[in-house]
Structure formats: C-alpha cells, structure tokens
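Note sheet for the following structure.
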Amino acid sequence: MAFFSFFFSLGVLLCFSCVSAFSDGLLPNGNFEKAPSHSSLKGSVVIGKNSLPDWEIGGAVEYVKSGQKSGDLMLVIPEGFAAVRLGSDAFIRQRVSVNKGELYALTLSAARTCASDEKLNVTVSTDSIRDSGLISVQTIYNAKGWDSYAWAFLAESSEIGVFIGDPGQDEDPACGSVVDAVALKVLHPPKANRGNLLKNGDFEEGPYFLPNNLDGVLIPPNQIDRNSPLPGWTILSLKSVRYIDSPHFSVPEGRKAVELLAGKESIISQTATTVPKAYYVLTFLVGDANNTCKGSMAVEAYAGRGSLKVDYESKGLGGFKRAKLVFVALEKVTRFVFYSTFYMTRTDDLSSLCGPVIDDVRLVPLGKAKHH
Ligand SMILES: *[C@@H]1O[C@H](CO)[C@@H](O)[C@H](O)[C@H]1NC(C)=O
Ligand SMILES: *[C@@H]1O[C@H](CO)[C@@H](O)[C@H](O)[C@H]1NC(C)=O
C-alpha cells in the first residue's frame, strides 16, 4: 500500500497543471512519439522511472522504433513510429483526470513478440480501488500481429492511475508484448426506448478507434472485463468480437457494427424487459465487412425460446440483408443471443478469424412493428 500511495502522490504532483478531465483520444504521449532523451537510453532499454515522457515506468521497458528488429520480428508500428516493449514484469503507468462516476473504455494497441500466448495486465486504480484484467495478446484475430483491445471501467474518482504491465509469466525474459498506443473514451450508455427495447442496438456507442488502426477493436469476453466497452451488450463466450467502423469496413447501418469472429465461441448477448405472453418483433441486419471473409455465413439468433438462423452468402466485398423474428415472450426478462454458426478465416491470409457482421438490432412489441 505504501507503494501505492506513493504512486498516488506522485500522480498529484505530475498532474498539477491538468485540471480538466480527459477528453476522448490518445493519452498524453499515448503513442510514445515523445522519446526518452539519448542519455536515458541504454541501447533500446529506458533507464530511470521518469524517463519516458508523461509515463512512469518500471522493470525492463524498451523503446522500440518502426523498422527495428525485435527478436525475429521486424517491427512495423501502426500508430506513428514508436512503441514500448514490456519485458517480464515491466510496466508503464500514468495518472489521468477523468469525470468521476462515468464509464470509460480504454483502447490499447499491442502485439506479441514470441510464439506463446502473451498477456497484458490492464489495471485502472484509484487510491482505494483496483480494477484489473488480463488481456490475451494473440494472433488468431489478426495475422499481421497488431490488434487493438478494448477494456472498460467505471471512474470511481476524478483521478485514476492507468497501468499496463507484463504479468511476468513469460519463461523467456526476451519475450513480452509491445504496446503501441493507449487511448480513452467516455461511454454514454444509451437507454432502451419505445423505438427499440434493446440498448445500443445500432452499436454506435463503443470504444475509441485508433486513427491508424485499420482492423477495428477487439472486445474481449466478459469474464475478462466486468464492465462492457460495448454498452448494453455482453460478450458471453470465450473469444472476442470485433468492433468495426465504416471508414475501414463495410458497415450495414450508421458508422459502427460488430463482426462475430469465432462461431459459438464469440457470442454477443443482451437482456430486455418483456411482458410474458406478449408478441415481439426482433429485426437485425446480417452482412459481411468487406474484409475478404468469403463463403457461406450464418448468424443464429435466440430470443427466449424463439430462434432464427440467417444464411448469408458472402463474396467478402460488403453487403447485408435484413432478418426478422417474431416471438412470444415467456418471462419478464428475455435474453437475446447472437453468434456465427461457422468458423471462418480471411481468404487473404487464411489464418485471421473473421465472420458475419451484425448491426441495427431492434426489438419492438408486435403491434408497434413498422411494416417494411
Ligand atoms: C495487475 O497489476 C496490478 C498492479 O501491479 C496488480 O495489483 C494486479 O494483481 C495484477 N493483476 C493481475 C490479474 O495479474
Ligand atoms: C470494399 O472495399 C473496397 C476497397 O477498399 C472499396 O473500393 C469498396 O467500395 C468497398 N465496398 C463496400 C460495399 O463497402
């Protein structure tokens, strides 16, 4: 605890001038473009806990640049030219002013450097509370190596510590994840309304997209993150879903949607208040993201005891169709579940997981359903 209050008081000192709460985007030096001075670098290793501008570091933190070799990996860095590599047990952290009581999503761009599955410890803390999760940095989702991961937390105080660390499980000290960018966004959880009994059915509210990341943001399963970075929705399964945006993907409606990545291991779900014995209409869009995910796709939807399987033939070039399910509610609360029937991989690299896109999920009582 002494260590922790030290961190807190250090943060207060560092944060003397930052009175206003953080607004959406990269954290200060969140893409590590402000380099440590030459005198605080020994090779690529950063010496001194305050040598990386805007961050405090601990353990073996390396400052790596695009084009540099890291083990066998030639680093190509998506966000600007620099990143940090966290050796075993190493960490970076900084204090951020936020709005107390609001829900935030953190977006982190990271890659692993060794063959094994690597993990990153993401912890958000106040003086008394720590909210921590282990994010798996894997390449099953993206053969290019880099991916963005979202993690959500409730700001329990107006100043928080953001900590990203290596959990120290690597057998090889030369292994460790590379972190390229860290951003925050305030979430404004939408409410259900008369036009839609489901919350955030159009998926427009969600984590920050890093400007140079072409691959969307992975939303990890709920067992890793107890607050959802995708307000209203829960990821029930073992694997992530991908949150995609219209500048980089084909999105059926609005600017954002969700790609279901790994069959029944990638499930999104939400519950809604329903009236037992009343009829409801569930509608949604099923399509493909224009990301070379080709072939026969199917989305299975469950609403209480009602279910629907929507087939969609993907050429991998974008497009979508509408689906509709009329069902009788059995309970006062009905759970809605969506997943992809098949496991699919992108035809350009034959290894990155991909799948159908779902968007504009609406639930209305039957009498109120528009006929279109
Ligand atoms: C992550 O790091 C924090 C801060 O060092 C620690 O308290 C927490 O136990 C770690 N969490 C996990 C899951 O390893
Ligand atoms: C699919 O992507 C290609 C190339 O990026 C683009 O030219 C095309 O307009 C996109 N199609 C759709 C339906 O978004």
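Atoms within a ligand are numbered from 1 in the order they appear, just like the ligands themselves.
- Interface of Ser132 with ligand 1, defined as ligand atoms under 4.0 Å from a residue heavy atom, comprises 1 (C), 8 (C), 10 (C), 11 (N), 12 (C), 13 (C).
- Ion pair Lys49/Glu56 not flagged as a salt bridge, since none of the NZ, NE, NH1 or NH2 atoms sits closer than 4.0 Å to an Asp/Glu carboxylate oxygen.
- Listed by first and then second residue, the side-chain hydrogen bond (donor to acceptor under 3.5 Å, both in side chains) pairs involving residues 249-260 are Glu259-Asn291 (not counting sequence neighbours).
- Counting heavy atoms closer than 4.0 Å to ligand 1, residue Pro167 contributes nothing at all.
- The residues Glu265 and Lys239 are annotated as salt-bridged, a charged nitrogen and a carboxylate oxygen being separated by less than 4.0 angstrom.
- There is a side-chain donor-acceptor pair under 3.5 Å between Thr274 and Thr334.
- A salt bridge links Lys185 and Glu205; the closest N-O separation between the charged side-chain nitrogens and carboxylate oxygens is under 4.0 Å.
- Applying the 4.0 Å criterion to heavy atoms of Arg130 picks out, from ligand 1, the atoms 4 (C), 6 (C), 7 (O).
- Taking Phe336 as the reference, Phe327 meet the ring pair (Phe, Tyr, Trp, His ring centres under 6.0 Å) condition, with sequence neighbours excluded.
- Sorted by first and then second residue, the salt bridge (charged side-chain N to carboxylate O under 4.0 Å, His left out) pairs with a member in residues 145-157 read Asp147-Arg242; sequence neighbours excluded.
- Here is the list of ligand 1 atoms found below 4.0 Å of a heavy atom in Thr123: 1 (C), 2 (O), 3 (C).
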Pairs under 3.5 Å, N/O atoms on ligand 2 and on the protein: can you put them in a table with the distances?
residue: ligand 2; atom: 2 (O); partner: Asn290; partner atom: OD1; Å: 3.3
residue: ligand 2; atom: 2 (O); partner: Asn290; partner atom: ND2; Å: 2.3
residue: ligand 2; atom: 11 (N); partner: Asn290; partner atom: ND2; Å: 2.9
residue: ligand 2; atom: 14 (O); partner: Asn290; partner atom: ND2; Å: 3.3

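- Those atoms of ligand 1 with a heavy atom of Phe163 less than 4.0 angstrom away are 2 (O), 4 (C), 5 (O).
- Remark: the Glu300 side chain and the Tyr302 side chain contain an N/O donor-acceptor pair separated by less than 3.5 Å.
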